[in-house]
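Each chain gets a letter, A, B and so on, in the order the sequences are listed, and its residues count up from 1.
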Amino acid sequence: DQQVKQNSPSLSVQEGRISILNCDYTNSMFDYFLWYKKYPAEGPTFLISISSIKDKNEDGRFTVFLNKSAKHLSLHIVPSQPGDSAVYFCAAPATGNQFYFGTGTSLTVIP
Amino acid sequence: KAGVTQTPRYLIKTRGQQVTLSCSPISGHRSVSWYQQTPGQGLQFLFEYFSETQRNKGNFPGRFSGRQFSNSRSEMNVSTLELGDSALYLCASSFTGGANGELFFGEGSRLTVL
C-alpha cells in the first residue's frame, strides 16, 4: 500500500522555466514532509521540508506547497537549471526513521 | 565531516547465495536505517537501528536481517538470494532517529542476483 505517491514518473522542462513536481499522500496523520533529490550513482540528498502547520516553505529557487485538505504537496523549482536534472522523491515520516517514499519523478531540464 | 559510507558499492551474486552489506554512519549519528530501491517501487524501508537495537522493521521476509554495532556501524544480510532481490540498497543515518529530521544517505550498494 503506497502511502506516498508520485504519479508522474518523468518531467521535462526548458531551462529557465518552472518545474512542478507533485506528490499525494493517503494518511492524514502525516505532519511533516520532505523532498529528496537523487543523481545517478549517488544517494538521495535532502532538499527541503515542510511541516503540516505551514502551507508553504521556500528555500532559494525551491518552494514546497502543502494542501492538507487535498493531501497533496508540490515542489516548485524556479528557474529550472540543467543541474536540477535528477530524480526527486517526496517522503513522509512514520515512526523513528521509517519514512514512506514516493516512487520518484525524473526531472530533465533541457538547456 | 565524512558522509555515510557503504561497502561494497557493487556486487554480483547468484541465486541461493547470501550477501552482507556494510554501512558506516556519519560520526555521532546513532540511528541507521536501510532502504531498498527498485525501479518503479521507490525506496522501501527495510529496518532501522538505534543504539544497537532494531526499532522498526519494514514488510520484508525474514531473509533480510541486520544488526548494529556499538560504534553505530551497521550491516544487513540477505540470505538465500532471489532474482527479485536485485536492487540498490541504501543506508541512511541520523543523529536522533526521531521524526521531523532528515536522513543522510550513502551512495548505496548495488546488488545484482543472477
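Contacts between B:Gln44 and chain A at a heavy-atom distance below 4.5 Å involve the side chain alone, from C-beta outward. Using a 4.5 Å cut-off between heavy atoms, B:Tyr35 contacts chain A through its side chain alone, with no backbone atom that close. For B:Leu90, the part lying near chain A is the side chain, with the backbone staying farther off; criterion is any non-hydrogen pair under 4.5 Å. If you measure heavy-atom distances from B:Arg9 to chain A, the contacts under 4.5 Å come from the side chain alone.
Each of A:Leu73 and A:Ile20 belongs to its own hydrophobic cluster when Ile, Leu, Val, Met, Phe, Trp and Tyr are linked at side-chain heavy-atom distances under 4.5 angstrom. In the hydrophobic clustering of this structure, B:Val4 does not group with B:Phe47; members are Ile, Leu, Val, Met, Phe, Trp, Tyr whose side-chain heavy atoms approach within less than 4.5 Å, directly or through other members. Grouping the Ile, Leu, Val, Met, Phe, Trp and Tyr side chains by contacts below 4.5 angstrom, directly or via other members, places A:Leu66 with A:Phe62. Both A:Ile48 and A:Phe33 are members of a single hydrophobic cluster when ILVMFWY side chains are connected at heavy-atom separations under 4.5 Å. Follow the hydrophobic side-chain contacts under 4.5 Å out from A:Phe101 and you never reach B:Tyr89; the two are in separate clusters.
Side-chain N or O atoms of A:Tyr36 include one that pairs as donor or acceptor with a backbone N or O of B:Leu103 at under 3.5 Å.
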request  = Go through the steps to decide whether B:Leu88 and A:Lys38 satisfy the test side chain to side chain contact (heavy atoms under 4.5 Å, CB included), and finish with yes or no.
outcome  = CA-CA 13 Å; B:Leu88 179 67; A:Lys38 185 180 184 301; 3.9 Å; yes
ask   = Could you walk me through whether A:Phe89 and B:Leu43 pass the side chain to side chain contact (heavy atoms under 4.5 Å, CB included) check?
value = CA-CA 9 Å; A:Phe89 294 95; B:Leu43 279 70; 3.6 Å; yes
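Remark: aromatic rings of A:Phe99 and B:Phe45 are distant, center separation not under 6.0 Å.
Atom CD of A:Glu42 is separated from atom CD of B:Glu107 by 6.5 Å, given to the nearest 0.5 angstrom.
Within 6.0 Å of CZ in B:Arg63 there are more than 12 heavy atoms belonging to other residues, nucleotides or ligands. Other residues, nucleotides and ligands contribute over 12 non-hydrogen atoms within 6.0 Å of the CG atom of B:Asn71. For A:Lys54, the NZ atom is loosely surrounded, since the number of other residues' heavy atoms within 6.0 Å does not exceed 12.
Note: A:Pro44 leads A:Ser49, A:Pro9, A:Pro44 in heavy-atom pairs under 4.5 Å with chain B.
Heavy-atom minimum distance, A:Leu34 versus B:Glu102: CD2-CA, 4.1 Å. Residues A:Ala41 and B:Tyr10 approach most closely at CB-OH, 4.5 Å, considering heavy atoms.
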